[in-house]
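Computed over heavy atoms, backbone and side chain alike; hydrogens, waters and symmetry mates excluded. Within every chain, numbering begins at 1; the chains are lettered A, B, ... in the order of the sequence lines, protein sequences first and strands thereafter.
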2 protein chains.
Amino acid sequence: MTEIRTDLSRCPLFDRLAPALLEQLAGACRAIRRRKAETIIREGEPCEGFFVVAEGLVRVYKIAADGRERTLHVVRPPHSFAEAAMFAGGGYPAFASALEDARLVLVPREPFCRLLREQPEAAVRMFESLSMWMHRLLDQLETETFLNARAKLASYLLRELRRRPAGAGPARIELAQPKKEIASQLGMAPETFSRAQADLESAGLIVVAGRSIQVPDPAALDAILLGDFQGRAVS
Amino acid sequence: MTEIRTDLSRCPLFDRLAPALLEQLAGACRAIRRRKAETIIREGEPCEGFFVVAEGLVRVYKIAADGRERTLHVVRPPHSFAEAAMFAGGGYPAFASALEDARLVLVPREPFCRLLREQPEAAVRMFESLSMWMHRLLDQLETETFLNARAKLASYLLRELRRRPAGAGPARIELAQPKKEIASQLGMAPETFSRAQADLESAGLIVVAGRSIQVPDPAALDAILLGDFQGRAVS
DNA sequence: CGGAAGGTTGACCCGTCTCAACCAATGTGG
DNA sequence: CCACATTGGTTGAGACGGGTCAACCTTCCG
């Protein structure tokens, strides 16, 4: 139980919660483990509650009628997912599975809703979390409709760069997942990812070495997002 | 002022609010009018508050670096938009403009946040509203990635059918906006919309007469969403 | 050694975008 | 009242981006 309490306390939703309330909520939660590739929730399943990721990576995704999959987001500790499902009825709106062996905390619906009603501060945190999800989805929809494969990759790399500690040496990214997984996040086929990467590399914008990618000049990479790109027209 | 109170009371966010609280909130709000095509908010602008649509239609959209636009959603009375902007910082996440002459109520940030802190019931409504937006965005992203132009149109028509009063005569839809606007909502060029429509019509799935579209057999139209469509392979 | 998983590359195909012509309905000014 | 422009929509031709299929390579592992 004390482990659950610690896991919750790290999550932005709860990190300012009074210890007593945290303890109480933790008592109502359940620790859950999933091995790599195991499913956590299925689209349409009734919503028991939402999840805090304590360890490991979780992939949130949709499945098309013909079986194709599309990753919507990868959730890392100490964040949460499926919060929105609790208020909209109709079950979970997407699938989720473990990208690595994962430890999760299931926060059941009722105890959590009680907390929200009683703790305005907790409610505000929840609003912030939902808003962040919305912004993320908006960005994704924007990326989707306005950018081509190269620009999507560039925008992904720049986002990853921004996630790193400030002034952390040279601009280098270590991909934490297989490239085909990243391709799915970006809404493209693995082959297209590979080609986009090759294009950016031959334009001198990135240097690829396995799963390590260097960006000598982030500003130049950023320019890809605007006007188009003549990379393929070398002839 | 009493007009503002009435407008607010119709909005799902506030329709169960105690009259005294409603009155108080209304006192802090501002009535706003916009003519057709006038801008309401711009992406990145600091967030003063969010909006309830009292009359008219509002288009929420993104603009690409090269000027292309993409409609994300059309908000109709008595619903609201830009709620999420209040919690995420960084200003409004998209543009909004009036599709028709519109009457709006601006609910300023601070008075509203105070209400949320003091009224758990209001907070619950807010969660529901944010969750609906998230579901809508998820659906849109799903549609975007899995469906082709014909299937997008079919899914739009079926959605519109479901919005109509139950048992309201034959399955007919009156498009309330120009087709090129709907094309933008569906993320396709107007020409593509026109062709998708022609395809469905020549397959006998819909009957088009100007802006009026009939669906003789909704179940058949639904089948388009699953497997693919041989409509163009008539030869 | 053989096999599986991750990744790259080439060839080809298909869907959608773009550009352009065209049409109908509606207005506008002389 | 007519010439003309404007707006909304349809249709055709061509180009292009990205998906698919297939071959191949490397690394890792049993």
Side-chain angles (χ1 to χ4, degrees), chain A residues 36-37 64 66-71 99-100 143-154 174-202 206-213 224 227-235, chain B residues 36-37 64 66-71 99-100 143-154 174-202 206-213 224 227-235:
Chain A
K36 181 171 179 172
D66 63 8
R68 278 175 303 160
E69 299 187 356
R70 165 73 191 268
T71 301
L99 274 174
E100 313 170 341
T143 295
E144 203 65 27
T145 43
F146 292 145
L147 304 185
N148 62 20
R150 285 180 301 272
K152 282 187 199 173
L153 175 54
E174 291 295 330
L175 303 182
Q177 307 140 45
K179 290 183 179 177
K180 66 175 189 175
E181 174 52 34
I182 298 176
S184 171
Q185 287 171 49
L186 298 178
M188 63 179 80
E191 296 94 326
T192 305
F193 181 96
S194 193
R195 284 187 250 269
Q197 178 191 274
D199 289 348
L200 294 185
E201 182 159 35
S202 75
I206 62 177
V207 181
V208 182
R211 292 227 185 129
S212 164
I213 299 185
I224 296 294
D228 240 354
F229 177 80
Q230 290 87 319
R232 311 211 122 212
V234 190
S235 87
Chain B
K36 182 171 177 171
D66 62 8
R68 277 175 305 160
E69 300 186 356
R70 164 74 191 269
T71 301
L99 274 175
E100 313 169 341
T143 294
E144 203 65 28
T145 42
F146 291 144
L147 303 185
N148 61 20
R150 285 181 301 272
K152 283 188 200 174
L153 174 54
E174 291 295 329
L175 303 181
Q177 307 142 45
K179 290 183 179 178
K180 67 176 187 174
E181 173 52 35
I182 297 175
S184 171
Q185 288 171 48
L186 298 178
M188 63 179 81
E191 296 93 326
T192 304
F193 181 96
S194 193
R195 284 187 249 268
Q197 177 191 271
D199 288 348
L200 295 186
E201 181 158 35
S202 74
I206 61 176
V207 181
V208 182
R211 292 229 184 125
S212 163
I213 298 185
I224 295 294
D228 240 354
F229 178 81
Q230 289 87 318
R232 310 209 124 212
V234 190
S235 86

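Out of D:dG19, C:dT16, D:dG17, the shortest distance to the side chain of A:N148 is found at D:dG17. The side chain of B:S194 has D:dT10 as its nearest neighbour among D:dT20, D:dG8, D:dT10. Across C:dT9, D:dA13, D:dT10, the shortest atom-to-atom separation from the side chain of B:K179 is found for D:dT10. Each of D:dT20, C:dC17, C:dG7 was ranked by its minimum atom distance to the side chain of A:E191; first place goes to D:dT20. Checking C:dG6, D:dG19, D:dG9 against the side-chain heavy atoms of A:A189 singles out D:dG19 as nearest. Comparing atom distances between the B:Q197 side chain and each of C:dT18, D:dT10, D:dG19 picks out D:dT10 as nearest.
A donor-acceptor pair under 3.5 Å is absent between the side-chain atoms of B:Q197 and the main chain of B:V208, judged by distance alone. Side-chain atoms of A:R150 never come within 3.5 Å of backbone atoms of A:I224 as a donor-acceptor pair (strictly under, hydrogens ignored).
For A:R195 against D:dT20, a side-chain-to-base donor-acceptor contact under 3.5 Å is present. Side-chain atoms of B:R68 and base atoms of C:dT18 include no donor and acceptor less than 3.5 Å apart.
Contact between the side-chain N/O atoms of A:K180 and the OP1/OP2 oxygens of C:dG6 is found at a separation under 4.0 Å.
Here the P atom of nucleotide D:dT27 and the CZ atom of A:R211 are 14 Å apart, to the nearest Å. Between the CG atom of A:L153 and the P atom of D:dG17 there is a distance of 16 Å, given to the nearest Å. In this structure, B:F193 atom CZ and D:dT11 atom P are separated by 13 Å, rounded to whole Å. The interatomic distance linking A:M188 (CE) with D:dG17 (P) rounds to 14 Å, in whole Å.
Toward the 5′ end of DNA chain D lies the nearest nucleotide of B:G210, the other residue of the pair B:G210 and A:T192 mapping further downstream.
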Side-chain atoms of residues 182-191 of chain A: list all donor-acceptor pairs with protein atoms under 3.5 Å, sequence neighbours left out, distances to 0.1 Å.
{"from": "A:S184", "atom 1": "OG", "to": "A:T71", "atom 2": "N", "distance (Å)": "2.9"}
{"from": "A:S184", "atom 1": "OG", "to": "A:T71", "atom 2": "OG1", "distance (Å)": "3.1"}
{"from": "A:Q185", "atom 1": "NE2", "to": "A:Q177", "atom 2": "OE1", "distance (Å)": "2.7"}

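Checked for salt-bridge contact, B:E144 and B:R70 meet the test: a charged N lies under 4.0 Å from a carboxylate O.
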